[in-house]
Amino acid sequence: MPLPGAVRECALSVAPPAYVYDLAGLRAHAASIRAAVPAEFFYAAKANPDARLLTALKPYVDGIEVSSGGELAHVREVLPDARVAFGGPGKTAEELDAAFPLAGRRLHRIHVESPGELRRLAALRREADVLLRVNLPLAAAGASLRMSGPFGMDAEALGTCLDLLARAPWLRLRGVHAHLASGLDAVPLLDVAAQVLAWGRSWLDGVDGPAEFNVGGGMAVDYCAPGRRFDWAAYGTGLAALRRPGEVLRIEPGRAVTAYCGWYVTDVLDVKRTHGASYAVLRGGTHHLRTPVAKGHDQPFTVLPVGDGAAVDGPVTVVGQLCTPKDVLARNAAVERIAVGDIVAFALAGAYAWNISHHDFLMHPKPGVHYVG
Ligand SMILES: *Cc1c(COP(=O)(O)O)cnc(C)c1O
């Protein structure tokens with residue numbers, strides 16, 4: 001996994017541990033998604049709500065999807081004129097209420113998760129455009145996460161929502177929202193979109209006006225093959241073929257937008273051989289980069305061999321400073337040699353990385369954050 005020059009330079013000059021974000025890379029990637037996909041593009045902030053990343057993305061997206069009152073307040077502050085879609089399960093009445101200073105231009109859509117939530121929203125008696133989040137029993141072969149269970153609504157709950165909406169004319173039904181699976185490549189994700197559209201068209205038939213389909217995020221990031229990318233061109237071509245005149249399609253990816261722009265950079269504190277295996281103990285660990293534990297993979301990394309301390313031969317298992325056997329960033333990685341003082345840069349650390357990690361466990365210092373590009 002070659003490091004972009006500016007990231008490499010930064011990795012070699014900053015105090016470890018650190019996050020390094022390649023904003024130029026992020027802008028180029030977002031521009032390529034924008035160019036490839038003929039649908040509205042909302043970025044799911046929960047993947048990484050870093051203010052500099054949101055600001056870099058702003059020119060390339062139609063809006064930001066937020067999933068909590070906290071994200072809503074943050075995005076309002078960072079991007080005061082961005083359009084916002086408010087999703088997420090378990091929205092409180094206070095969170096819904098807090099969305100309304102945005103009303104009109106900026107509060108673009110509220111994604112309703114249940115009849116109970118719709119009742120709470122209706123009780124506020126404020127005008128809003130809503131999508132109903134559907135939970136269809138779809139085939140999604142190969143998905144790494146299936147968003148079944150509590151997310152969205154089945155046909156019966158959706159029927160209840162239609163009754164509620166008929167009595168709450170201040171809420172405008174615009175269409176359906178479906179985020180049904182994640183970790184899918186373009187072909188299976190298009191298949192899910194096709195099923196959502198086919199089902200949604202017939203379900204919305206007879207409902208006046210709306211023909212809006214948010215087909216969610218979930219585009220795959222392959223942590224085992226960090227050079228591979230989701231095929232946005234094929235996905236875009238497929239969506240264009242699925243769309244009928246007058247319909248609005250929207251996507252809201254997170255991981256596949258920001259994963260590639262972030263690196264977690266640190267140094268080797270110790271190396272050892274134990275029971276025939278090589279280990280490198282790094283400054284920091286999974287309390288800064290929880291992704292490999294959360295996803296059950298080995299985080300891809302590059303070693304910058306600048307250390308002059310003791311060394312071990314690979315394959316090497318790379319661990320952090322936490323007193324738990326779970327603090328493993330990569331197992332039996334194919335490196336030839338790793339030495340105390342070497343710099344290690346973990347790739348694909350731009351999404352669901354720092355922001356999902358348990359920072360305070362063991363009270364180690366927090367990483368610095370640096371931006372290049
Ligand atoms: C998390 C989430 C997304 C983004 O998913 P990615 O896998 O990061 O692309 C989009 N929509 C909803 C409703 C989500 O919960």
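If you're wondering where the values come from, they're calculated on a predicted model, not measured in any experiment. Start at 1 and go down the list; that is how both ligands and their atoms are numbered.
Side chains of Y21 and N48: a donor-acceptor N/O pair is present below 3.5 angstrom, by distance only. If you check the side chains of Y43 and T258, you find a donor sitting under 3.5 Å from an acceptor. Looking only at atom types and distance, the side chain of Y260 has no donor-acceptor partner in the side chain of H29 under 3.5 Å away.
Contact annotation: F151 has no heavy atom less than 4.0 Å from any atom of ligand 1. At least one heavy atom of P253 lies less than 4.0 angstrom from ligand 1.
The N/O atoms of E65, backbone and side chain alike, include none that comes under 3.5 Å of an N/O atom in ligand 1. Below 3.5 Å of separation, one finds an N or O of E252 facing an N or O of ligand 1. Between A47 and ligand 1, a contact under 3.5 Å exists for no N or O pair.
Heavy-atom proximity to R255, at under 4.0 Å, picks out these atoms of ligand 1: 6 (P), 8 (O), 9 (O). Atoms of ligand 1 found under 4.0 Å from any heavy atom of G217 (numbered from 1 in listed order, with element): 9 (O), 10 (C). Residue-ligand proximity, H177 to ligand 1, at heavy-atom distances under 4.0 Å covers atoms 13 (C). Atoms of ligand 1 found under 4.0 Å from any heavy atom of G254 (numbered from 1 in listed order, with element): 4 (C), 6 (P), 8 (O), 9 (O). Which parts of ligand 1 touch Y352 is read off a 4.0 Å heavy-atom cut-off, strictly below it: atoms 1 (C), 4 (C), 5 (O), 6 (P), 8 (O).
In this structure, E95 and S68 approach most closely via the heavy-atom pair OE2-C, 3.8 Å. The shortest non-hydrogen separation linking I110 to A128 is CD1-CB, 4.1 Å.
Partners of K326 by side-chain hydrogen bond (donor to acceptor under 3.5 Å, both in side chains), not counting sequence neighbours: none found.
Looking at A351, G216, S182, G218 and measuring to atom 6 (P) of ligand 1, the nearest heavy atom belongs to G218.
Under the 6.0 Å distance and 45° angle rule, R250 counts as a cation-pi partner of F42. Geometrically, K295 does not engage Y223 in a cation-pi contact, judged by NZ or CZ lying under 6.0 Å from the ring centre and within 45° of the ring axis.
Proximity of H111 to ligand 1, defined as any heavy-atom pair under 4.0 Å, is not found for any part of the residue.
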